[in-house]
Amino acid sequence: MSDDKQNSELFQGLVISLAAATMQHLGKTLSPVTNKIEKNLPAAQSTIDMLDMLSAKTQGNLAENEAKLLKSILAELKLNYVETLNEKPADAAPEKKPEQAG
């Protein structure tokens with residue numbers, strides 16, 4: 001295998017691995033350690049920031065498919081992060097409407 005092909009596969013594996021970790025931190029996938037859904041928004045934000053930095057530092061040096069992968073994963077992660085921030089806590093009781101007298 002050529003060095004370019006191997007490096008491309010390693011780069012894609014790194015990006016996908018970081019994306020999977022971010023989805024776990026967002027509570028979208030089970031933690032393999034505890035087998036539970038756990039949220040850690042600061043860790044998710046940190047990993048997204050890392051991928052943003054990687055995108056900036058590698059701009060102009062990636063193959064087209066690598067750049068597309070990184071861009072699409074970043075867009076997906078940022079969308080999921082915002083969705084998670086806007087979620088209501090699962091343990092919050094629904095608001096009760098006043099009963100109508102009748």
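Because only heavy atoms are used, hydrogens play no part in the values below, and waters and symmetry mates are left out as well, while side chains stay in.
- Closest of all the heavy-atom pairs between Leu70 and Thr58 is CD2-OG1, 4.3 Å.
- Of all heavy-atom pairs between Asn80 and Lys28, the closest is OD1-CE, 3.4 Å.
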Stepwise side chain to side chain contact (heavy atoms under 4.5 Å, CB included) check, Glu87 with Thr84
CA-CA 5 Å; Glu87 286 176 356; Thr84 302; 4.3 Å; yes

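- Going from atom CD of Gln12 over to atom OG of Ser17 covers 13.5 Å, rounded to the nearest 0.5 Å.
- Panel note: side chain Ser46, backbone Pro42; no donor-acceptor pair is recorded below 3.5 Å.
- Side-chain contact, Ser55 with Gln59: no donor N or O sits under 3.5 Å from an acceptor N or O.
- Here the shortest heavy-atom pairing between Ile48 and Tyr81 reads CD1-CB, 3.9 Å.
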Under the side chain to side chain contact (heavy atoms under 4.5 Å, CB included) criterion, do Lys78 and Leu74 qualify, and how do the steps go?
CA-CA 6 Å; Lys78 289 176 180 181; Leu74 271 167; 4.2 Å; yes

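- Under a cut-off of 6.0 angstrom, the local environment of CG in Asp3 is sparse, with at most 12 non-hydrogen atoms contributed by other residues, nucleotides or ligands.
- Minimum interatomic distance between Ala44 and Leu26 (heavy atoms only, all atoms of both residues): CB-CD2, 3.6 Å.
- Met50 and Leu54 end up in different hydrophobic clusters when Ile, Leu, Val, Met, Phe, Trp and Tyr side chains are linked at under 4.5 Å.
- In this structure, the side chains of Leu69 and Phe11 stay at 4.5 Å or more apart for every pair of heavy atoms.
- Across all non-hydrogen atoms, the minimal contact from Lys57 to Asn61 is O-ND2, 4.3 Å.
- Leu41 is connected to Leu77 through a chain of hydrophobic side-chain contacts under 4.5 Å among Ile, Leu, Val, Met, Phe, Trp and Tyr, so both are in one cluster.
- Using a 4.5 Å cut-off between side-chain heavy atoms of Ile, Leu, Val, Met, Phe, Trp and Tyr, with links allowed through other members, Leu18 and Leu30 fall into different hydrophobic clusters.
- For the atom pair CG (Asn7) and OG (Ser2), the distance works out to 8.5 Å, reported to the nearest 0.5 Å.
- Residues Lys5 and Glu66 are not paired through a salt bridge, judged by the lack of any N-O separation under 4.0 Å between the basic side chain and the carboxylate.
- Checked by atom type, the side-chain pair Glu38/Thr34 shows a donor-acceptor distance below 3.5 Å.
- The existence of a salt bridge linking Lys71 and Glu76 is excluded, since no basic side-chain nitrogen approaches an acidic carboxylate oxygen closer than 4.0 Å.
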